[in-house]
Protein chains: 2
Amino acid sequence: MTDQRNIGFQDIRDEVLNRIQTRIWPQGSLLPTELELAAEFGVARATVNRALRELADQGIVTRKRKGGTRVVTTPVKQARLPITVVRQTIEEMNAEYRYALVSRTLIDCPAWLQAKLGLPEGTQVLHLQCMHHADNRPFQFEERWINIAAVPHVADEDFLTVGPNEWLLAEVPFSNAEIAFSAVPATGQLQDFLSVPPGTPLFQLERTTWFQNKPVTFVRMTFHQGYQMRTTY
Amino acid sequence: MTDQRNIGFQDIRDEVLNRIQTRIWPQGSLLPTELELAAEFGVARATVNRALRELADQGIVTRKRKGGTRVVTTPVKQARLPITVVRQTIEEMNAEYRYALVSRTLIDCPAWLQAKLGLPEGTQVLHLQCMHHADNRPFQFEERWINIAAVPHVADEDFLTVGPNEWLLAEVPFSNAEIAFSAVPATGQLQDFLSVPPGTPLFQLERTTWFQNKPVTFVRMTFHQGYQMRTTY
DNA sequence: ATTTCTATTATGTTCAGATTTATAGGAGTA
DNA sequence: TACTCCTATAAATCTGAACATAATAGAAAT
């Protein structure tokens with residue numbers, strides 16, 4: 001008995017990727033058909049299909065019925081950046097997490113937010129401001145507006161001990177969101193809460209969240225000076 | 001004949017997602033086995049497998065051999081942000097793209113870069129600075145270091161008409177990268193090239209690229225004032 | 001020359017059956 | 001109690017087949 005394992009779809013995926021990287025199959029070229037590859041590697045067509053589909057998901061190749069499988073000419077790789085709750089981010093740094101509610105008010109939806117979320121006039125929203133600390137140093141200032149209609153019993157929650165991010169994640173999980181990253185100057189409250197001189201460049205993340213096509217919340221998260229968001233692809 | 005199509009893996013994926021969203025299967029709970037679901041929907045087990053695998057890829061459920069399929073407790077959704085070349089970004093805005101080389105010098109690898117990329121001492125790198133304009137307004141300042149050893153004939157390229165980003169994408173496609181986003185103050189050259197007052201908060205993207213585990217390039221891209229990077233998930 | 005039909009082709013999806021692999025949980029042991 | 005060893009289980013994967021679907025090329029008709 002040899003310990004030679006049978007080749008699987010991952011081996012085929014890797015080998016095909018290798019041939020693309022080494023220009024055996026250059027950009028824009030047509031790959032052999034699934035049937036041909038299945039014959040070459042000695043596997044079923046379904047196995048080749050699985051391998052090529054993964055490469056297609058990664059944007060390495062494009063596939064068309066009848067047209068065959070083609071190496072893309074201009075690879076548009078996608079960076080996948082995991083969006084976690086602040087507490088988790090901080091705890092992964094082996095730092096102590098501390099949360100503090102700054103303000104909590106029930107207000108009429110401001111016009112800009114009404115437009116942004118497409119809410120009817122006169123909608124009530126819960127406006128929250130909170131701070132997240134790591135080892136007693138300011139980490140993130142969070143300003144959030146929640147559509148009461150979308151999450152009725154949010155009005156009963158005081159948010160004194162649990163942050164709105166985590167609360168909403170438990171209440172309305174698996175929602176859709178739109179995110180925008182930018183650099184903003186420290187002004188007004190930001191200077192105070194993040195303990196930085198006015199005008200300091202800060203990394204900011206804005207996110208609008210929907211649950212089943214209904215707007216739930218808009219949040220603006222501003223990070224401490226020098227924060228970097230990292231990912232690989 | 002009715003026009004009732006057979007149900008496919010997408011229908012099952014959607015139905016399972018729906019049951020998760022409506023808390024029929026709450027967070028942390030164990031889903032029925034593939035065999036049970038296959039029986040319920042009247043399909044083959046492979047079809048259920050395909051549906052559940054997609055949900056697992058999206059981070060909605062976790063799957064373990066023997067352990068079964070479980071709804072995740074803290075959904076860590078991944079934002080997929082497509083990294084394109086600047087020219088494409090600008091052209092998609094229906095703006096006119098213009099590129100200009102600022103400087104191009106062959107230097108000994110500075111110590112900080114040597115450490116960052118894990119290069120041997122005395123390695124030669126090509127140092128480039130360039131500007132990308134949109135409708136004749138500064139859009140992005142790009143500072144880049146390229147490991148000559150990894151891309152030998154980069155030394156023959158003058159980069160007068162084509163940007164290093166696009167050149168490298170054509171030369172070394174399908175590479176791996178590590179990305180970091182941050183907010184930085186406009187200092188030195190940045191003020192001049194991006195036409196902003198000193199200290200202006202600017203959005204910056206740093207990226208280290210490897211090709212088959214060999215470091216290829218490190219780039220620092222600083223965007224014009226007010227730039228937002230957007231995505232959905 | 002142009003349109004319309006038709007056969008071909010390669011991928012897309014599904015199926016039923018089978019084997020492999022990781023592992024949760026229990027039984028046995030130190 | 002804590003540890004190791006077992007075993008049933010559920011997912012992970014592969015197979016070889018079938019049919020579906022979209023895109024294309026070429027033939028036929030206009």
Side-chain angles (χ1 to χ4, degrees), chain A residues 1-17 19-20 24-73 75, chain B residues 1-17 19-20 24-73 75:
Chain A
M1 274 293 280
T2 78
D3 63 350
Q4 164 83 39
R5 294 196 331 277
N6 285 330
I7 62 170
F9 80 93
Q10 308 198 21
D11 303 293
I12 295 171
R13 182 202 345 101
D14 294 344
E15 173 58 20
V16 170
L17 178 59
R19 291 187 191 176
I20 290 172
I24 292 172
W25 293 327
Q27 291 171 73
S29 68
L30 202 60
L31 265 55
T33 68
E34 292 187 343
L35 223 48
E36 289 167 338
L37 286 173
E40 181 194 335
F41 290 107
V43 298
R45 190 171 76 91
T47 307
V48 174
N49 181 279
R50 170 86 190 262
L52 293 182
R53 195 180 15 175
E54 289 221 349
L55 291 175
D57 287 344
Q58 289 172 44
I60 309 286
V61 299
T62 52
R63 321 192 68 199
K64 269 211 295 235
R65 281 169 170 157
K66 160 82 178 180
T69 304
R70 206 171 272 282
V71 184
V72 300
T73 46
Chain B
M1 276 295 280
T2 77
D3 61 351
Q4 163 83 39
R5 294 197 332 278
N6 286 329
I7 62 171
F9 77 94
Q10 308 198 22
D11 303 293
I12 295 171
R13 188 213 326 112
D14 294 345
E15 173 58 21
V16 170
L17 178 59
R19 291 186 191 177
I20 291 172
I24 291 172
W25 293 328
Q27 291 170 72
S29 68
L30 201 60
L31 265 56
T33 68
E34 292 187 343
L35 223 50
E36 289 166 339
L37 286 173
E40 182 195 334
F41 290 108
V43 298
R45 196 172 74 88
T47 308
V48 173
N49 180 280
R50 170 87 189 261
L52 293 182
R53 181 157 27 98
E54 290 221 349
L55 291 175
D57 288 343
Q58 289 171 45
I60 309 286
V61 299
T62 52
R63 321 192 68 199
K64 270 211 293 233
R65 282 170 166 153
K66 158 77 180 181
T69 304
R70 207 170 271 283
V71 185
V72 300
T73 45

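First the proteins, then the strands, lettered A, B, ... as listed; each starts at 1. Keep in mind that what you see is a predicted model, and the values were worked out from it rather than measured.
- One interatomic measurement links the two molecules: CD of Glu54(A) to C1' of dC14(D), which rounds to 15 Å at whole-angstrom precision.
- Rounded to an integer number of Å, the gap from Ile12(B) CD1 to dC15(C) C1' is 12 Å.
- In summary, of the residues considered (Leu55(A), Val72(A), Thr73(A)), a side chain to side chain contact (heavy atoms under 4.5 Å, CB included) with Thr62(A) occurs for Val72(A) alone.
- Using a 4.5 Å cut-off on side-chain heavy atoms (C-beta onward), Asn49(B) and Phe9(B) make no contact.
- The side-chain heavy atoms of Arg50(A) and Arg50(B), taken from C-beta on, include no pair separated by under 4.5 Å.
- Of the residues in residues 56-73 of chain A, those lying under 4.0 Å from DNA chain D by heavy-atom distance are Arg65(A), Lys66(A).
- Both Leu31(B) and Thr47(A) lie close to DNA chain D; mapped to their nearest nucleotides by heavy-atom distance, the more 5′-ward contact belongs to Leu31(B).
- Side-chain contact between Arg70(B) and Gln27(B) is absent, with no heavy-atom pair separated by less than 4.5 Å.
- Atoms CG (Asn49(A)) and C1' (dA10(C)) sit 11 Å apart, rounded to a whole Å.
- Taking atom CZ on Arg50(B) and atom C1' on dG12(C), their separation rounds to 8 Å, with Å as the unit.
- Taking 3.5 Å as the limit, the base of dG12(C) and the side chain of Arg45(A) contain a donor-acceptor pair of atoms between them.
- Across the protein-nucleic acid pair, Glu34(B) atom CD and dT21(C) atom C1' stand 14 Å apart, rounded to whole Å.
- Candidate nucleotides dA10(D), dT13(C), dT13(D) were compared by shortest atom distance to the side chain of Thr33(B), and dA10(D) ranks first.
- Counting heavy atoms from C-beta outward, Leu52(A) and Leu31(A) have side chains that approach closer than 4.5 Å.
- The heavy-atom pair separating Ala51(B) from Ile12(B) by the smallest distance is CB-CG2, 3.8 Å.
- When the P atom of dT13(D) is taken as reference, atom CZ of Arg53(B) falls 7 Å away, rounded to whole Å.
- In this structure, Gln10(A) does not reach the dA12(D) phosphate: none of its side-chain N or O atoms is under 4.0 Å from OP1 or OP2.
- Residues passing the salt bridge (Lys or Arg N to Asp or Glu O under 4.0 Å) test with Arg19(B), sequence neighbours excluded: Glu15(B), Glu40(B).
- The distance from atom CZ of Phe9(A) to atom P of dT15(D) is 12 Å, rounded to the nearest whole Å.
- For Glu36(B) and dA11(D), the CD to P distance is 8 Å, given to the nearest whole Å.
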